[in-house]
Amino acid sequence: MAEHLLKILIIGDGNVGKSSFVHRYVNGQFNKMYKMTVGVDFSVKLLQWTDKEKVRLQLWDVAGQERFISMTRIYYKGALGCVMMFDVGSLSSFLSCRLWKQDLDNKAMLPNGASIPCILLANKADLAERAVSSENIDSFSRANGFVTWMETSVKENRNVGESMRRLVQEILMVK
Ligand code: GDP
């Protein structure tokens, strides 16, 4: 049985739902209470990927950052994939993704020199008030080299497992 160990970064402004996403994905729960995370959280999820392959995901949640701040290289070291998240109700959290992506591409690369696969998640899709249109997200995603983008609602458990499967698929393909 082969086991892949994949370090995955969870990036984005504060309050967009990153720690809720990780919590939902790893524990299957949604916690309504706001929790200000301090430092870097690190969660593990084990997947039976195929009959012969297991995938051990290390999810690194960059925490306690309200806005974009350039991250230290240590954080990026060895990462093979990235989840970048914004809140569809917050234009500024969407605009920050450009900076987060530049920082990521400047500091993290695969052993072969390619940029690491990154999926863009438009979270809080359950909200009625949208600050960003699908057209905008779509063109931003294409222009900035994301694997793809998906709407998610951690609250309603929409596209949480699906988006992670899509990312892992891509990581294993380019690894
Ligand atoms: P982080 O700072 O990016 O880690 O964000 P949190 O996971 O702490 O979430 C910030 C707030 O958004 C919390 O009050 C969550 O309950 C809420 N939240 C997270 N995901 C969703 C979602 O999909 N829909 C809605 N409506 N609220 C969400």
Side-chain angles (χ1 to χ4, degrees), residues 6-45 47 57-72 74-77 79-105 107-108 116-138 140-141 144 146-168 171:
L6 308 182
K7 175 178 172 180
I8 296 180
L9 310 174
I10 318 291
I11 296 180
D13 279 4
N15 209 37
V16 299
K18 299 182 302 297
S19 51
S20 302
F21 179 84
V22 171
H23 195 72
R24 169 72 93 184
Y25 182 59
V26 172
N27 305 315
Q29 286 167 13
F30 180 72
N31 189 346
K32 211 151 70 18
M33 291 281 293
Y34 179 76
K35 170 177 145 278
M36 183 68 177
T37 354
V38 180
V40 172
D41 263 351
F42 171 128
S43 311
V44 173
K45 171 111 173 167
L47 299 175
L57 301 175
Q58 269 185 4
L59 306 170
W60 291 55
D61 183 3
V62 41
Q65 305 215 350
E66 277 316 302
R67 286 156 203 285
F68 170 78
I69 304 171
S70 180
M71 294 291 296
T72 110
I74 300 288
Y75 173 71
Y76 289 121
K77 196 169 191 297
L80 294 177
C82 169
V83 173
M84 191 166 301
M85 182 176 281
F86 67 96
D87 166 355
V88 286
S90 157
L91 180 60
S92 65
S93 73
F94 175 65
L95 296 175
S96 289
C97 290
R98 184 183 302 277
L99 302 173
W100 286 117
K101 185 67 162 65
Q102 280 167 1
D103 201 46
L104 176 74
D105 289 345
K107 293 183 185 160
I116 72 173
C118 186
I119 192 166
L120 180 64
L121 301 186
N123 191 39
K124 308 198 187 181
D126 55 281
L127 295 180
E129 296 273 321
R130 298 290 177 100
V132 195
S133 71
S134 302
E135 291 74 19
N136 263 337
I137 303 169
D138 199 54
F140 172 75
S141 167
N144 289 276
F146 287 90
V147 170
T148 188
W149 73 278
M150 286 170 99
E151 285 194 353
T152 56
S153 168
V154 179
K155 185 179 180 183
E156 294 180 345
N157 201 12
R158 227 192 305 156
N159 276 345
V160 174
E162 290 82 350
S163 57
M164 288 302 298
R165 258 199 302 281
R166 181 69 187 80
L167 178 64
V168 169
I171 293 171

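What you are looking at is a predicted structure, and each value in this text was computed from that prediction instead of being measured. Start at 1 and go down the list; that is how both ligands and their atoms are numbered. Hydrogens, waters and symmetry mates are skipped; everything else that's a heavy atom, side chains included, is used.
- Of all atoms in ligand 1, numbered sequentially from 1 with element shown, those under 4.0 Å from a heavy atom of G14 are 2 (O).
- Of all the atoms in ligand 1, the ones that sit under 4.0 Å from a non-hydrogen atom of D13 are 3 (O).
- Of all atoms in ligand 1, numbered sequentially from 1 with element shown, those under 4.0 Å from a heavy atom of L127 are 26 (N).
- Remark: the Q102 side chain and the W100 side chain contain no N/O donor-acceptor pair separated by less than 3.5 Å.
- Taking the six-membered ring where the residue is Trp, F146 and F140 present tilted rings, their angle falling between 30° and 60°.
- The pair K124-E156 fails the salt-bridge criterion, with no side-chain N (NZ, NE, NH1 or NH2) lying under 4.0 Å from an Asp/Glu carboxylate O.
- The closest side-chain donor-acceptor pair between D13 and S96 falls under 3.5 angstrom.
- Residues satisfying the side-chain hydrogen bond (donor to acceptor under 3.5 Å, both in side chains) test with S163, not counting sequence neighbours, are none.
- When each atom of ligand 1 is checked for a heavy atom of S20 under 4.0 Å away, the hits are 6 (P), 7 (O), 9 (O), 15 (C), 19 (C).
- Each of the atoms 22 (C), 23 (O), 24 (N), 25 (C), 26 (N) of ligand 1 lies under 4.0 Å from some heavy atom of D126.
- Ligand 1 lies out of reach of T152, whose nearest heavy atom is not under 4.0 Å from it.
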Next item on the list: May I have the step-by-step check of side chain to side chain donor-acceptor pair (under 3.5 Å) for D126 and S153, ending in yes or no?
Entry: CA-CA 6 Å; D126 55 281; S153 168; 2.8 Å; yes
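- Checking K155, R158, K124 against atom 17 (C) of ligand 1, the nearest heavy atom belongs to K124.
- For a threshold of 3.5 Å applied to N or O pairs, the pair formed by G17 and ligand 1 contains at least one separation below that value.
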